[in-house]
Amino acid sequence: MSGSVPGVAGRSSAPSARPGVPGVSSRSAGWLALPVAALVLVLSVGVAVTIGPADLALSEVGRSLATHLGLGGPLGLEPLSALRDGMVWQLRMPRILTAAAVGAGLAVCGAVMQSLTRNPLADPYLLGLSSGASLGAVLVLLAGVPLLLPVAAFAGAVGALALALTLAGALGTITPTRTVLAGLAISQLCAAAVSFVIFWSAKGDAFREVLSWLMGSVASATWTSVAIAGGAVLVLGTLLALTGSVLDAFTFGDTAAAALGVPVNRARWILLIGVALLTGALVSQSGSIGFVGLILPHAVRLFTGARHRLLLPLSALAGASFLVWADTLARTVFEPRELPVGIVTAAIGAPVFAFLLWKGNQR
Amino acid sequence: MSAGQLWVSSAPDHHIPGTRRSGLAAEGVFWEISSRAILDDVGVVAPAGAVTGLLGPNGSGKSTLLRVLAGVQRAGRAPSSATRDEAGPATTFDGADLAALPRRERARVLALVEQDATTDLPLTVLDAVLLGRIPHRSLLAGDSDADRAAARSALDAAGAKELADREVGTLSGGERQRVHMARALAQQPRLLLLDEPTNHLDISAQLHAMRVLRDLAADGVTVVAALHDLNLAAATCDHLVVLDHGRVVAAGPVGEVLVPEVLEPVYGVRVDVLRHPRTGRPVLSFERD
């Protein structure tokens with residue numbers, strides 16, 4: 001069929017190929033960023049494990065990992081002492097990997113939400129997810145059954161999502177504005193309920209526990225958290241990261257997307273639900289860590305431009321490294337006291353982002 | 001489809017000799033918002049390989065009609081039409097039912113240039129034009145060299161070659177319009193729908209945009225453009241359709257439509273038709289009563 005527009009194809013005269021050269025090289029530079037970011041993440045995880053109250057060497061980390069992966073024997077490596085091995089494998093590793101998974105997932109979800117709603121202020125919690133999760137979590141914490149926390153938080157997040165989408169859907173086609181407004185309404189409602197419950201019944205330790213959860217923390221992460229957060233990121237995060245072309249089509253709005261052959265409504269429903277399930281799984285493990293999902297996609301966009309095929313995976317890798325380091329700071333700066341990582345993400349992230357914006361303007 | 005054929009046969013014949021392409025034909029298009037009819041039993045014909053101008057005052061339904069034709073807005077049938085023929089709205093292009101085509105396939109046949117489509121995202125012009133390749137490749141695939149070549153020749157055809165590496169946000173109105181046109185051309189459409197492509201453009205940019213449309217038509221693309229400027233339509237269109245209050249009040253060749261009897265009741269102004277000394281096309285002069 002392309003033959004029917006000979007003029008369009010036929011006008012690709014030879015000189016028009018020339019200006020392509022700089023574009024192509026900057027494009028491949030962008031793709032080179034992926035392996036670099038992956039390497040940075042692996043190194044970050046390795047180095048972060050060595051940092052803490054008891055100093056560990058990178059080689060010890062390697063030995064512990066090799067032992068647990070069943071490679072210690074074949075490689076002829078001595079296992080670590082039980083204490084030091086426990087420190088690597090039971091304490092620090094699950095926590096750091098959870099931080100990496102949560103950071104990656106939040107960054108991807110944030111990028112997807114910003115594109116879907118065409119709103120630079122959108123974040124993964126937009127549909128009232130964090131408030132819904134908080135409500136579930138606070139209820140079980142104050143009822144004294146902290147074991148149920150992840151389940152309650154996930155249920156709260158999914159409940160908030162269902163309410164928000166029902167509300168948005170009841171208004172008609174789910175346009176970006178309706179999505180944002182419905183999320184805002186549900187968010188405020190759940191936030192009021194959380195405040196009320198805390199105000200009415202929290203005291204002492206329970207209050208501290210609730211507060212730490214509300215600000216977001218991976219301090220109590222176990223291998224189960226790694227499995228849940230990591231599994232969710234690998235499955236849902238990968239699926240979301242593959243939708244780059246669909247999100248690209250939304251660049252100039254819904255009509256433009258429809259004119260490019262995208263089933264606008266169906267795509268938006270599916271992507272919103274994917275984002276919500278992934279965010280719900282992450283929030284159930286870490287509480288609602290702010291900032292990563294909002295700012296990281298913007299920071300990465302300054303580097304990659306707006307095309308999603310590169311933006312989504314690079315955001316994931318950058319988000320993972322970012323949260324690994326933020327959490328390392330959270331647990332070490334005021335040793336032995338720990339900060340909720342949400343405070344650190346905002347405290348580092350905001351100035352860094354301001355700097356990036358300023359630098360981007362200089363160009 | 002018999003009624004559609006009627007429309008086609010009553011239209012002036014602009015077929016390129018040796019082809020059997022019938023262009024765009026739509027009939028029985030209704031659209032209403034809160035029971036106010038925006039489009040009321042509209043039928044249009046756009047001959048293949050010609051520039052068809054869609055005229056009419058503000059609010060006459062031009063934009064809505066384009067969106068319905070493009071399939072991005074579903075046309076409905078008015079309740080009163082229940083007794084009419086069972087077919088409902090029918091839009092065919094070169095004999096194929098557009099509504100029956102899968103979305104992606106339709107996006108390879110027709111492209112829509114909206115009015116004032118913007119983005120806040122940092123995007124280069126080349127990347128913006130590459131969006132037009134989305135219907136042509138798998139949703140998982142990235143841009144191939146062929147896609148980039150198509151995007152560049154589309155930029156070339158729209159006269160925007162030198163803008164390729166600029167940021168979309170930094171363009172002037174005329175430049176942005178050329179980029180949107182290039183994005184539509186990258187879809188390699190056989191049918192191009194444009195909503196006021198000359199809006200907000202200076203006179204040179206307006207003539208440039210219309211020149212691009214003429215070239216496309218000469219290459220066999222069927223072009224339908226909603227236009228406000230009647231003199232621009234007089235100078236460049238082959239065929240005209242005039243909408244008023246959601247109804248077609250006139251359709252046909254330029255010389256038959258741009259006459260006082262048609263325009264005066266629609267626009268509520270006095271119209272004098274002069275002749276262009278060189279092209280012989282109509283030149284209109286307006287006066288309020």
Side-chain angles (χ1 to χ4, degrees), chain A residues 1-13 15-24 26-27 31 114-115 118-120 242-264 266-267 298 301-311 360 363, chain B residues 21 67 70-73 102-112 114 117-124 126-128 130-132 134-143 148-150 152-157 161-162 164-165 180 183-190 215-216 218-221:
Chain A
M1 74 127 280
S2 56
S4 61
V5 261
V8 176
R11 284 204 196 92
S12 87
S13 49
S16 76
R18 278 310 300 165
V21 176
V24 166
S26 73
R27 193 175 297 270
W31 285 103
Q114 286 164 4
S115 303
R118 302 187 79 214
N119 185 337
L242 289 178
T243 61
S245 280
V246 176
L247 289 173
D248 279 348
F250 279 94
T251 305
F252 287 100
D254 283 13
T255 305
L260 288 172
V262 171
V264 169
R266 200 185 333 148
H298 286 300
R301 239 182 241 118
L302 288 175
F303 176 73
T304 63
R307 302 292 298 278
H308 290 87
R309 264 171 56 86
L310 182 56
L311 172 67
R363 272 186 296 165
Chain B
R21 305 188 10 237
R67 291 157 60 88
V72 297
Q73 187 166 303
R103 289 167 210 275
R104 280 168 61 78
E105 204 170 311
R106 192 164 59 217
R108 293 193 288 263
V109 173
L110 73 87
L112 171 69
E114 287 174 272
T118 55
T119 182
D120 292 333
L121 294 171
L123 195 69
T124 65
L126 182 61
D127 278 347
L130 277 167
L131 295 178
I134 288 175
H136 285 276
R137 53 177 158 79
S138 144
L139 284 178
L140 294 182
D143 313 318
R148 272 187 287 275
R152 287 196 175 278
S153 63
L155 274 169
D156 204 3
K161 197 165 71 175
E162 71 286 356
D165 296 319
H180 284 312
R183 184 162 56 89
L185 294 185
Q187 283 175 253
Q188 294 180 330
R190 286 181 289 148
D215 288 350
L216 286 169
D219 287 335
V221 179

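Within every chain, numbering begins at 1; the chains are lettered A, B, ... in the order of the sequence lines, protein sequences first and strands thereafter.
- Between the side chain of B:Gln187 and the backbone N or O of B:Ala107 there is at least one donor-acceptor pair closer than 3.5 Å.
- Neither the backbone nor the side chain of B:Ala70 comes within less than 4.5 Å of any heavy atom of chain A.
- When each of B:Gly142, B:Pro102, B:Ser138 is scored by its heavy-atom pairs under 4.5 Å with chain A, the top score falls to B:Gly142.
- Side-chain atoms of B:Arg67 and A:Thr255 include a donor-acceptor pair closer than 3.5 Å.
- The contact between A:Arg301 and chain B is made by backbone and side chain atoms together, counting heavy-atom distances below 4.5 Å.
- For chain A, no part of B:Ala184 is nearby; none of its heavy atoms comes within less than 4.5 Å.
- Taking the salt bridge (Lys or Arg N to Asp or Glu O under 4.0 Å) definition, one finds that B:Glu162 meets it with B:Arg178, sequence neighbours left out.
- Side-chain contact of A:Ser115 with A:His308: a donor-acceptor pair under 3.5 Å is present, judged by distance alone.
- Ranked by heavy-atom pairs under 4.5 Å with chain B, the list A:Val246, A:Leu242, A:Thr251 is led by A:Thr251.
- Remark: A:Phe250 engages no residue in a ring-ring contact (aromatic ring centres under 6.0 Å, His included) (not counting sequence neighbours).
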